[in-house]
Amino acid sequence: GCGKAYLTLALHRYLVCAKGWRNVRILGIDKNESVIASAREMADALGIGDEVTFQVSMIESAEFPKEPDLVMSLHACDTATDDALIAAVKTKAAGILCVPCCQHELHHALEGGDAMRAVLRHGILRERLADLLTDTFRAQVLRICGYRARVMEFVSAAYFSVQFLILP
């Protein structure tokens, strides 16, 4: 889901202007028709409507004009990140750039007692564990599918802190 396409359009500019790449073609996909209409207007206003196109579709049913060289998923919520990864593998994309967003699927399924109870009773810790496990599974599946997966820090954890409330 490309959403409002700000990152999609910025990527095009970076590849063409900063990297000097030619024949860059980008396809943005989102299920929201009004968001795609707005993205098309922006691309046309920038004079790159032929190079950056948009499709109203769910990611899993998107039609690619050719096998993509790169599938990019930046901040795709819930399972949209997984849908983008599946699309990348199915289309045999040479590269994948994925910056995951919220991962609620596993978050709500986590259960446990004994030693896990201490982590799972606190929402923020449960969420971080779900994020960690989800990204671990994603990286492993990509390795199994033949990709070299690297997980790296995009935004330092120093920007996020656990807040403790101590009550008397």
Side-chain angles (χ1 to χ4, degrees), residues 1-107 127-128 130-160:
C2 65
K4 295 184 178 187
Y6 299 131
L7 293 172
T8 305
L9 297 169
L11 174 67
H12 179 271
R13 178 147 178 96
Y14 173 75
L15 294 175
V16 171
C17 297
K19 298 303 271 181
W21 291 12
R22 302 288 175 242
N23 299 319
V24 174
R25 299 288 180 263
I26 297 178
L27 172 64
I29 302 165
D30 202 283
K31 64 182 179 180
N32 186 322
E33 255 182 79
S34 64
V35 166
I36 290 296
S38 173
R40 284 180 179 143
E41 286 176 18
M42 282 191 292
D44 289 341
L46 293 169
I48 57 173
D50 292 338
E51 299 169 24
V52 183
T53 58
F54 297 92
Q55 186 179 123
V56 177
S57 175
M58 298 295 288
I59 297 169
E60 60 270 16
S61 57
E63 295 181 20
F64 297 89
K66 65 175 222 129
E67 288 183 0
D69 296 312
L70 174 69
V71 170
M72 183 177 71
S73 171
L74 302 179
H75 208 274
C77 292
D78 288 327
T79 59
T81 295
D82 301 302
D83 295 336
L85 294 174
I86 291 166
V89 171
K90 281 185 175 179
T91 59
K92 299 176 177 69
I96 303 169
L97 174 61
C98 174
V99 180
C101 183
C102 50
Q103 294 131 0
H104 297 192
E105 294 297 313
L106 187 56
H107 175 102
E127 186 175 323
R128 287 182 181 171
D131 290 351
L132 180 65
L133 292 172
T134 301
D135 290 337
T136 300
F137 298 150
R138 287 174 174 155
Q140 188 60 24
V141 167
L142 288 171
R143 283 186 191 97
I144 290 167
C145 290
Y147 287 90
R148 288 182 307 155
R150 278 188 15 194
V151 178
M152 62 186 79
E153 188 172 56
F154 185 65
V155 176
S156 171
Y159 293 104
F160 305 99

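Throughout, residue positions are numbered sequentially from 1 according to the sequence presented.
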CZ (Arg13) with more than 12 external heavy atoms under 6.0 Å: no

Distance check, rounded to the nearest 0.5 Å: [X] atom [atom1] versus [Y] atom [atom2]?
| X | Y | atom1 | atom2 | result |
| --- | --- | --- | --- | --- |
| Leu7 | Leu11 | CG | CG | 8.5 Å |
| Phe64 | Ile29 | CZ | CD1 | 4.0 Å |
| Lys4 | Ser34 | NZ | OG | 9.0 Å |
| Lys31 | Glu60 | NZ | CD | 9.0 Å |
| Lys92 | Asp69 | NZ | CG | 14.5 Å |
| Leu97 | Ser73 | CG | OG | 8.5 Å |

Evaluate side chain to side chain contact (heavy atoms under 4.5 Å, CB included) for Ile36 paired with Cys2, printing each intermediate quantity in order. CA-CA 8 Å; Ile36 290 296; Cys2 65; 3.8 Å; yes

What I'd like to find out is whether the side chain of [X] reaches to under 4.5 Å of the side chain of [Y], using heavy atoms alone.
| X | Y | result |
| --- | --- | --- |
| Pro65 | Leu27 | yes |
| Val24 | Glu51 | no |
| Trp21 | Leu15 | yes |
| Val16 | Ile48 | no |
| Arg138 | Thr81 | yes |

How far apart are the closest heavy atoms of [X] and [Y], and which atoms are they?
| X | Y | value |
| --- | --- | --- |
| Ala84 | Val71 | O-CG1, 3.7 Å |
| Asp44 | Gly49 | OD1-CA, 3.3 Å |
| Leu142 | Ala149 | CB-CB, 4.3 Å |
| Asn32 | Asp30 | N-OD1, 3.0 Å |
| Ala80 | Ile59 | O-CD1, 3.7 Å |

Under a 4.0 Å N-O cut-off, is there an ion pair linking Arg128 with Asp131? no

Using the side chain to side chain contact (heavy atoms under 4.5 Å, CB included) rule, take Ile26 and Thr8 through it: C-alpha gap first, then chi angles, then the decisive distance, then the call. CA-CA 8 Å; Ile26 297 178; Thr8 305; 3.5 Å; yes

Under 3.5 Å: donor-acceptor pair, side chain of Arg40, backbone of Phe54: yes

